[in-house]
Amino acid sequence: MRPVRGMQMLLAVASCNVMTAAFQSNGMSNILLQHRHLPMSRMTEVPRHRGLGSLAMQIDPLSRRRCLQVAAAAAPLLLWKGRADAINVDAMSAFGYGSGADATKGGGGILSAPFGQTSKLKDLRPKPIRIPRTFMFLQFAVLLMRSCYNTVDDLDFYPMNQFQKDFFLLRQDEWEKYIKENDVQQGDLTNALYFDFISAAQFASITQSIQGAKQIFEETSGVENEKHVIQRDPKLKDDNLLAPRFFLRSGDKMYDGLLTNFTDDSNYVKPPLPASPSAPFSAVFDSVSKIYQIFQNNGYAMKIDVEDAGAADTQAYIQAKGIYESLANKIQDEVPAIDQNWVGRGRRIVVRMQAPCTLWGRQWLSLQDNYLINDHDVMLTTAFLRRSGRAVTVRTTMDQNSYTREYLLL
């Protein structure tokens, strides 16, 4: 590594101090700046694996360069105050699903898209992400990606051998464009730049496969390419409900992964168990805060704040209630009913995520026609809330560097 001289060293050290002070002043845990120790055997098997990519991680020549990049860019990020309307992406969802203006009318997204006709990706691209982001914990990144893949497989609406081929071709085509704008190594899930890309590409492929959904098909699997005839469960025959079912079940798999310890014991933090239907709002709020702490600990965003935002106004509550009920009536067996007697009805939980790892991909998917959005945190959190008997909608607002989620409990 070249020696860092004079003013360069002062700037790097000063930025590191600013970054450290900012996280220490945060009410949440300072885990993002702590070293995560991994067993020596694992470090040998995967030499470039890192934990959260903190400033105290294992140092190799590449990570030194990245640390200086993060440190040099940290101060502007921490001082930046963005406008909520800077990027016009405002979506209301139920069950962790929904995008676009039509979502506020109770439909939106893939629910109103024509089936049997795949929407091609538009040649529209958001600007590259230049702000610093943390490194993701590898097992957590794998959990999110694998949960979505396994859900597509479980729903039996598309041959998985064809899905794998389509996904490969799509990501290779888009990768050629992405790499021209981003300095990132292909396959490194711990790097937010790569996870941002590959997660968005996965959701684009899932969207296209849903648009081409089949009731019965032939699937090839195994080393000998055995052919099997697959028929979708008659209970899942409505193509228009595949997207919300995908979000529901993927969220369930993510939450189950946390409950069953998706990683080794040294890095495991047990998530909150489902609350009882009679639990007060304070207990639900505390559990949601703990779930988002897990997301921050695993590098999903640079900084996450969770706030009790009080009660929603009557008009907002009526609108959210209509969105939820329009979908709940179609999937009654998988979602909780609205509890008119619960004391926490109408309360809001606001989550602010700074520099999340899906910042580019969410914008890219939002530019497409009715493409699913990779909101992993919403999928998992709403899974917890469903198991707690709580009906909820989520409104997401984006700006250049962050998301704001507003959970409205019904």
Side-chain angles (χ1 to χ4, degrees), residues 29 31-32 36-39 42 45-46 48-54 95-97 133-155 160 163-164 167 171 187-203 205-206 245-274 287-302 304 351 353 356-359 361-362 372-387 403 405:
S29 169
I31 295 180
L32 278 173
R36 282 187 176 273
H37 298 284
L38 295 174
R42 180 169 298 174
E45 295 170 4
V46 189
R48 294 193 62 252
H49 174 72
R50 302 173 184 84
L52 289 180
S54 68
F95 325 137
Y97 165 74
R133 291 186 285 180
T134 61
F135 288 84
M136 293 188 69
F137 187 52
L138 179 60
Q139 285 91 332
F140 189 68
V142 171
L143 171 67
L144 302 181
M145 295 282 295
R146 184 174 294 163
S147 296
C148 296
Y149 175 87
N150 288 344
T151 300
V152 173
D153 192 8
D154 291 347
L155 288 173
M160 293 309 292
F163 174 81
Q164 293 166 5
F167 183 29
R171 71 175 183 259
D188 185 3
L189 282 175
T190 66
N191 189 325
L193 276 175
Y194 182 72
F195 183 86
D196 204 346
F197 165 79
I198 197 65
S199 172
Q202 183 189 50
F203 270 64
S205 289
I206 292 170
R245 288 187 190 279
F246 164 77
F247 270 80
L248 288 165
R249 298 191 182 189
S250 294
D252 287 336
K253 289 183 184 296
M254 294 173 194
Y255 183 54
D256 287 337
L258 294 186
L259 289 172
T260 56
N261 191 352
F262 67 97
T263 182
D264 58 88
D265 292 336
S266 63
N267 294 315
Y268 180 61
V269 177
K270 187 175 182 179
L273 296 174
S287 293
V288 171
S289 298
K290 290 178 180 177
I291 288 173
Y292 271 98
Q293 183 66 65
I294 291 173
F295 271 91
Q296 178 169 309
N297 291 352
N298 284 281
Y300 196 80
M302 180 78 76
I304 302 178
V351 179
M353 307 174 66
C357 65
T358 55
L359 191 57
R362 195 182 199 283
L372 302 178
I373 307 298
N374 54 343
D375 288 339
H376 307 96
D377 60 301
V378 177
M379 296 160 78
L380 194 153
T381 303
T382 52
F384 162 79
L385 291 170
R386 284 195 307 276
R387 295 192 190 183
Y403 305 152
R405 316 276 200 205

If you look only at pairs with a residue in residues 287-296, which of them pass as a salt bridge (Lys or Arg N to Asp or Glu O under 4.0 Å), with sequence neighbours excluded? Asp286-Lys290
For the student: nearest non-hydrogen atoms of Leu144 and Phe195, plus distance: CD1-CZ, 4.1 Å
May I ask you to decide if Pro356's main-chain N or O and Arg133's side chain share a donor-acceptor pair within less than 3.5 Å? yes
Are Gln139 and Asn298 side-chain neighbours, meaning at least one heavy-atom pair lies under 4.5 Å? no
Can you name the closest pair of heavy atoms from Thr134 and Met302 and give their distance? CG2-SD, 3.6 Å
Between CG on residue Leu359 and OH on residue Tyr403, distance to nearest 0.5 Å: 5.0 Å
Of all heavy-atom pairs linking Phe246 and Met379, the shortest is CE2-CE, 4.2 Å
Interatomic distance, OH@Tyr300 vs CD1@Ile294, rounded to 0.5 Å, equals 14.5 Å
Rounded at 0.5 Å granularity, tell me how far CD1 in Ile291 sits from CZ in Phe384. 5.0 Å
Centroid-to-centroid, Phe140 to Phe295, below 6.0 Å? yes
Counting distance only, does the side-chain N/O of Gln202 pair as donor-acceptor with the main-chain N or O of Cys148 below 3.5 Å? no
Let me confirm one number: the CG-CG distance from Leu380 to Leu258, rounded to the nearest 0.5 Å. 5.0 Å
Can a donor-acceptor pair be found, under 3.5 Å and without considering hydrogens, that links the side chain of Thr381 to the backbone of Val378? no
What's the separation between atom CG in Leu193 and atom CD1 in Ile198, rounded to the nearest 0.5 Å? 13.5 Å
Nearest heavy-atom neighbours spanning Pro271 and Leu259: CG-CD2, 3.6 Å
Atom CG of Asp375 and atom CZ of Phe203: how far apart are they, to the nearest 0.5 Å? 8.0 Å
Which atom of Leu143 lies closest to which atom of Lys253, heavy atoms considered: CD1-O, 4.3 Å
Looking only at heavy atoms, what is the nearest atom pair of Ser287 and Pro272, with distance? O-CG, 3.4 Å
Taking only residues two or more places apart in sequence or in another chain, which ones pass side chain to side chain contact (heavy atoms under 4.5 Å, CB included) with Ser205? Phe163, Phe167, Leu170
Any carboxylate oxygen within less than 4.0 angstrom of a Lys/Arg side-chain nitrogen, looking at Arg245 and Asp154? no
Does a donor on one side chain and an acceptor on the other come within less than 3.5 Å for Thr358 and Asn374? no
Is the backbone of Asp377 close enough, under 3.5 Å, to the side chain of Arg405 for a donor and an acceptor to pair up by distance? no
